[in-house]
J.: 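Questions regarding the structure given below will be posed in turn.
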Amino acid sequence: MDAVDPMEDDPSKAVMLFGRDIRKIPCFKQSMLYGIYGGIAAGLATFMFTSRGKLATTVALGCQWSVTLTYWCACRYNYVMQKYELNDVKNILQGSSIASVEDSNVLQEQQKKLVDV
């Protein structure tokens with residue numbers, strides 16, 4: 001999805017959550033950032049229109065988690081579909097390379113027969 005950051009490979013800066021480095025989980029960073037930004041925007045808009053702090057906080061947290069989960073699901077779906085497509089392309093390329101090797105062997109055998117005649 002994003003370009004690989006050279007700082008991500010540094011093991012001294014690993015961010016561990018439940019025994020996993022969250023920097024290496026696809027879609028985690030983007031979904032959290034979009035969720036936070038969406039929650040802040042919804043909370044501020046609610047506070048601006050109602051001036052009720054508790055309601056604005058509730059709306060902000062609800063929007064943050066709903067945006068985070070929605071974006072996470074959409075991003076992971078796209079990630080898995082791209083992964084399947086790459087596997088299909090890899091299999092096609094492997095099949096075509098095997099076929100081209102077999103075709104070249106057949107051509108060499110035919111050329112040998114023609115030379116022998």
J.: Let me check something: do Val80 and Tyr77 share a hydrophobic cluster, defined by ILVMFWY side-chain heavy atoms less than 4.5 Å apart, either directly or through other members?
T.: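 Yes; Tyr77 is reachable from Val80 via cluster members.
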J.: I need the Ser31 OG to Ile36 CD1 distance, nearest 0.5 Å.
T.: 9.5 Å
J.: Looking at every non-hydrogen atom in both residues, tell me the closest pair between Gly43 and Ala60 and how far apart they are.
T.: CA-CB, 3.7 Å
J.: Rounded to the nearest 0.5 Å, what separation is found between the CG atom of Leu86 and the CE atom of Met81?
T.: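 If we round to the nearest 0.5 Å, Leu86:CG and Met81:CE are 12.0 Å apart.
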J.: Does any non-hydrogen side-chain atom of Ile25 lie less than 4.5 Å from one of Trp72?
T.: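 Of all side-chain heavy-atom pairs linking Ile25 with Trp72, at least one is under 4.5 Å.
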J.: Determine whether a donor-acceptor pair (N or O, by modelled atom type, separation under 3.5 Å) exists between the side chain of Thr70 and the backbone of Val67.
T.: no
J.: Do other residues, nucleotides or ligands put more than 12 heavy atoms under 6.0 Å from the OH atom of Tyr34?
T.: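 Open: at most 12 neighbouring heavy atoms sit under 6.0 Å from OH of Tyr34.
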J.: Do you know which two heavy atoms are closest between Tyr71 and Gln30, and how far apart they sit?
T.: CE2-CB, 3.5 Å
J.: Compare every heavy atom of Cys27 with every heavy atom of Arg76, then report the nearest pair and how far apart it is.
T.: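 Heavy atoms of Arg76 and Cys27 come nearest at N-SG, 3.8 Å.
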J.: Decide if atom CE of Met48 counts as having more than 12 heavy atoms of other residues, nucleotides or ligands within a radius under 6.0 Å.
T.: no
J.: Enter the distance from Phe28:CZ to Thr68:OG1 here, rounded to the nearest 0.5 Å.
T.: 9.0 Å
